[in-house]
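Report on one structure; see the data block that follows.
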Amino acid sequence: MKFRHTLFFRLLTLFVSLFSVGLILTLLVFLPIGRNLVTDIKSREMEPVLRSMNRLVQDYILGIIDENAMNRVIVSQSDANRSQLIIVNTEGIVIYATRPIRSENSHDQPGTTNEIDYTNKISAITAELLSNRSVNTMFTATGHDFESLVVGEPIIINQKLVGAVAMILPAYEITSTLNGLIRVLVLTMLAVIFLMAIPIYFFSKIFTRPINKMVAVAQGMGTGNFDLRADVKDQGELGQLGRSLNQLSSDLSQTINDVAIERDRLMKLVESMGDGILSFDASGKVQTVNPAFYQVVGSDEGNQHALSILDDPKIQNAIQRSLEQENMDFLFTHLDRILRITLRPILDENNVLVGSVGLFRDVTESERLDQLRKDYVANVSHELRTPLTAIKGLIDPLHDGLIRDEEKRKEYYALILKETARLTRLINDLLELSRLQSTTQGFERKEFDLNPFLIDVKEKYLHIAQEKGIKLHLTLSDSPNLYLGNEDRLDQVLTVLLDNAFKFTPRNGNVEIKLQSHPTHYALIVQDDGEGIDPVDLPYIFDRFYTVDKARSAKSTGLGLSIAKEILTHLGESIRVESTLEQGTSFIIKLNKPGV
């Protein structure tokens, strides 16, 4: 801050200005009053001299003193007062006059020496004196353009008027005296101003010191420093102001600290959210981005390219509408993801729009699950309707008595029994899948050797394989292969896999069960050399009701592989599939070894 802008400078200037104005006002008031005052003083000084001159003239007329003595006294007094003494008789004729007054400050021509002679130029004054009246006034002598002071008295001897005496002083003498007084007054006031400037300087310093401290406290608060405190020693208004400022600083510090804590809490909450959050200002410019946004849109954190999603016309239009105080909620497909975008306007306490906030949520999985739910309901409805339709189609002609041949009737009954068995199998599979997803009962674990277990499985399905003309093989190691799991559930999984292998392996084909031991796990493989699975179908092979060969869907509920995967998931194991068209399919089950 410049010095001339400080309170100290302004106070100092104020005091100096007040004294200067006071000096000017004093001079303006003193000039007219001072002139009259000096004139009065001069006249008072001249009156006793005039009276003594009057008595001296009376003594001369009475013969008490001679002319030389009178002349010496009168001249000395006239020179001492820088005035001219004139004596007139009763006829107004000047009978005596001192020499003219010499002036070095001539009124007519300043800077030149001049003589002023009032002889024969005061007829009006002498006429008044000879009328037996004293005179004490300012007048302008005949032939002069300036005023003069005249003091006069009539000369009375034995109560008889014998003449008059007058003492005349030019006005410049009065003015000279007045100017001297003004100079003294000005010098005195200047000296007072100079002497007062010192205490005023220190007073201003003392007065402004606590104010400067308050300014420093206020500036410190502006920069975030709330530790500074103002001086509160003064018991007056400044002390009260300082205490109020200190309280304000303390309260503001606490408020800002609370706001900062709340802001950090809010930022942590926003950063910890799994949904992407963006905030926009009133012009639509991005202000805040949380880390989850980059994950939601499938980008690295801090990658500004991720914000290019906002350039899409649909999102741009939604942002603009939200800035028009509309609530927006819509689905948007980005890359391989489905995003639910929600935009809401932000209003201040005066309901003035200050921006908007957007929530970006990845609903790909929920949408997929919702679609799976819909497909599941549709598939269940379809799978139930197919056998029921077939059963109804067979029962109607029997009920109407249209089938009279006994052999034909038995054939219809056999078909009804077959469709009923299929319906029963479908319902059992649905109940089994539902039971697996809702409970862990029936999954008690115990340690057993996989070798004899797999040998029993082969023996159980060897007869079925032979009936279908398929060769069933089993490959095991000689050493025991201990496994901690549920034997019945693992048997159920193998039943599903072998049933699928027999179903899609042609006559004279091969199905092999292999057990491979790895350091941390076993690989249990069910492999066939059948038709294989199209790569398009591989990602959905474990989905409910999914069948590779739609033409054979009547032979399968499409739930077997879903049940197998669900069982292995409950056991903590996993399953995957590898397949090549026209070469065969392999289902690989990963079984963790005990203690690993």
Side-chain angles (χ1 to χ4, degrees), residues 387 410-411 414-415 417-426 428-429 432 448-481 483 485-517 522-534 537 541-542 546-565 567-568 575-589 591:
K410 289 182 179 180
E411 182 180 343
L415 291 173
L417 184 61
K418 180 181 178 182
E419 291 299 330
T420 303
R422 178 187 172 193
L423 185 59
T424 302
R425 187 169 63 252
L426 174 62
N428 289 336
D429 286 346
E432 177 66 14
F448 62 95
D449 190 350
L450 290 173
N451 288 353
F453 167 74
L454 293 177
I455 292 173
D456 290 343
V457 171
K458 177 188 175 183
E459 292 297 328
K460 184 168 58 174
Y461 286 95
L462 184 59
H463 177 68
I464 298 174
Q466 289 175 349
E467 287 183 349
K468 293 180 177 289
I470 298 173
K471 299 176 182 177
L472 181 60
H473 305 280
L474 176 62
T475 303
L476 298 171
S477 61
D478 295 334
S479 59
N481 295 300
Y483 170 65
N486 189 287
E487 191 172 347
D488 293 335
R489 291 297 182 179
L490 189 56
D491 181 82
Q492 187 178 356
V493 171
L494 289 175
T495 299
V496 172
L497 297 180
L498 289 172
D499 181 62
N500 273 341
F502 293 153
K503 190 182 303 179
F504 294 101
T505 300
R507 198 169 188 83
N508 297 320
N510 295 281
V511 174
E512 182 178 9
I513 303 173
K514 294 190 293 186
L515 183 64
Q516 298 174 351
S517 179
Y522 301 108
L524 180 56
I525 304 170
V526 177
Q527 181 178 339
D528 65 66
D529 55 4
E531 301 173 3
I533 302 173
D534 193 314
D537 296 319
I541 198 69
F542 294 105
Y546 193 84
T547 55
V548 174
D549 189 351
K550 307 301 180 184
R552 299 184 181 180
S553 60
K555 299 180 179 180
S556 172
T557 63
L559 295 173
L561 290 177
S562 297
I563 294 173
K565 184 177 181 181
I567 291 172
L568 291 172
I575 183 172
R576 61 187 177 88
V577 61
E578 295 177 356
S579 182
T580 305
L581 282 176
E582 306 302 332
Q583 293 185 16
T585 302
S586 297
F587 285 91
I588 301 98
I589 302 172
L591 302 175

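Each residue takes its place number in the sequence, starting with 1. Computed from a predicted model, the values in this text were never measured in an experiment.
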Measure across [X] and [Y] and return the closest heavy-atom pair with its distance rounded to 0.1 Å.
X      : Y      : result
Leu472 : Ala465 : CB-CB, 4.0 Å
Ile588 : Ala523 : CG2-CB, 4.4 Å
Ala501 : Val526 : CB-CG1, 4.5 Å
Ile470 : Pro506 : CG1-O, 3.9 Å
Gly584 : Ser579 : O-OG, 3.3 Å

Residues which pass side chain to side chain contact (heavy atoms under 4.5 Å, CB included) with [X], listed by chain and number, not counting sequence neighbours:
X      : value
Leu474 : Leu454, Ile455, Lys458, Leu476, Ile513
Asp488 : Asn486
Thr580 : Gln583
Asp529 : Thr505, Asn510

message = So, using salt bridge (charged side-chain N to carboxylate O under 4.0 Å, His left out) as the criterion, who are the partners of Asp499 when residues are at least two apart?
response = Lys503
task = May I have the step-by-step check of side-chain contact (heavy atoms from CB on, under 4.5 Å) for Leu515 and Thr475, ending in yes or no?
result = CA-CA 6 Å; Leu515 183 64; Thr475 303; over 6 Å; no
message = Test: salt bridge (charged side-chain N to carboxylate O under 4.0 Å, His left out). Region: residues 462-472. Which pairs qualify, not counting sequence neighbours?
response =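 Residue pairs passing salt bridge (charged side-chain N to carboxylate O under 4.0 Å, His left out), neighbours aside: none found.
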ask   = Do side-chain atoms of Asp528 reach the backbone of Phe502 as a donor and acceptor pair under 3.5 angstrom?
value = no
request  = Could you tell me whether a side-chain N or O of Asn481 sits under 3.5 Å from a main-chain N or O of Asp449, the two making a donor and an acceptor?
outcome  = no
Test side-chain hydrogen bond (donor to acceptor under 3.5 Å, both in side chains) applied to [X] - qualifying residues, sequence neighbours left out:
X      : value
Lys514 : Gln527
Ser586 : none
Lys460 : Asp491
Glu578 : Arg576

ask   = At what distance, to the nearest 0.5 angstrom, does CD1 of Ile541 lie from OG1 of Thr585?
value =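 Taking CD1 in Ile541 and OG1 in Thr585, the distance rounds to 8.0 Å.
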key: Euclidean distance, Leu568 CG relative to Ile563 CD1, rounded to 0.5 Å   =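 The distance works out to 12.0 Å.
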Partners passing ring pair (Phe, Tyr, Trp, His ring centres under 6.0 Å) against Tyr483 (at least two apart in sequence or in another chain) =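 Expected list: Phe448.
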inquiry  = Is there a side-chain contact (heavy atoms from CB on, under 4.5 Å) between Tyr522 and Leu450? Walk through the geometry before answering.
reply    = CA-CA 10 Å; Tyr522 301 108; Leu450 290 173; 3.9 Å; yes
If we only count heavy atoms from C-beta on, is the [X] to [Y] side-chain gap below 4.5 Å?
X      : Y      : value
Leu561 : Val577 : no
Leu490 : Leu591 : yes
Leu497 : Ile575 : yes
Leu494 : Leu524 : yes

message = With side-chain contact (heavy atoms from CB on, under 4.5 Å) as the criterion, how do Leu498 and Val457 come out once you've worked through the C-alpha distance, each side chain's angles and the decisive distance to 0.1 Å?
response = CA-CA 10 Å; Leu498 289 172; Val457 171; 3.8 Å; yes
